[in-house]
> 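Sending over a structure as structure tokens; questions will come in a sec.
Here the structure is a predicted model, which means the values were calculated and not measured. One is the number of the first residue; the rest follow in order along the sequence.
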Amino acid sequence: MPIYKYITIEPDGSEGEIFEVEQSIKSDPITVHPENNKPVKRIFDAPNINIEYTQGKEKSLSDITRIKKAGFRILEKDKISGKYFEK
């Protein structure tokens, strides 16, 4: 479920406490603070979507040929002796 940010509206009209509420995307925005019953308004932020590290990119970055081209060695542990050998 998405998390929405809200800010309380103080009696003098100024903005007060910022808080977050986890609620369904289908539900209506809340109008009062759940604990102190002050009126609130929703704050709209940019969505936090991480596209830098996707599953496909992670797979391509861990490709053995790519790692070897970068100058690293690939070591694998022998299950019987416990020693490492180059793959």
> Who pairs with Glu22 by side chain to side chain contact (heavy atoms under 4.5 Å, CB included), at least two apart in sequence or on another chain?
Met1, Ile3
> Roughly how far, to the nearest 0.5 Å, is the CZ atom of Phe85 from the CZ atom of Arg73?
12.5 Å
> Check Leu61 against Arg66 and note the closest heavy-atom contact, atom names and distance.
CD2-NH2, 3.2 Å
> Which distance, rounded to the nearest 0.5 Å, do you find between the CD1 of Ile7 and the CZ of Arg42?
14.5 Å
> Output all residues satisfying salt bridge (charged side-chain N to carboxylate O under 4.0 Å, His left out) with Glu10, sequence neighbours left out; order by chain, then residue number.
Lys38
> Run the side-chain hydrogen bond (donor to acceptor under 3.5 Å, both in side chains) test against Ser62 and tell me which residues pass, sequence neighbours left out.
none
> For Phe19, what are the other residues in its hydrophobic cluster, where any two members join if their side-chain heavy atoms are less than 4.5 angstrom apart?
Tyr4, Tyr6, Val21, Ile25, Ile30, Val40
> Are any of the side-chain heavy atoms of Glu86 and Ile74 separated by less than 4.5 Å?
no
> Can you list everything that forms a side-chain hydrogen bond (donor to acceptor under 3.5 Å, both in side chains) with Lys57? Sequence neighbours excluded, please.
none
> Minimum heavy-atom separation for Gln23 and Pro29, please, with both atom names.
NE2-CA, 4.5 Å
> Under the side-chain hydrogen bond (donor to acceptor under 3.5 Å, both in side chains) test, which residues partner Ser24, sequence neighbours left out?
none
> If I take atom CG from residue Asp45 and atom NZ from residue Lys5, how far apart are they, to the nearest 0.5 angstrom?
4.5 Å
> Drop me the distance from Thr8's OG1 to Glu15's CD, to the nearest 0.5 angstrom.
8.5 Å
> To the nearest 0.5 Å, what is the distance between CG on Asn37 and OG1 on Thr31?
9.5 Å
> Would you please test Glu17 and Asn36 for side chain to side chain contact (heavy atoms under 4.5 Å, CB included) and show each step?
CA-CA 11 Å; Glu17 172 192 3; Asn36 60 21; 4.2 Å; yes
> How long is the straight-line distance from CD of Glu58 back to CG of Asp63, given to the nearest 0.5 Å?
13.0 Å
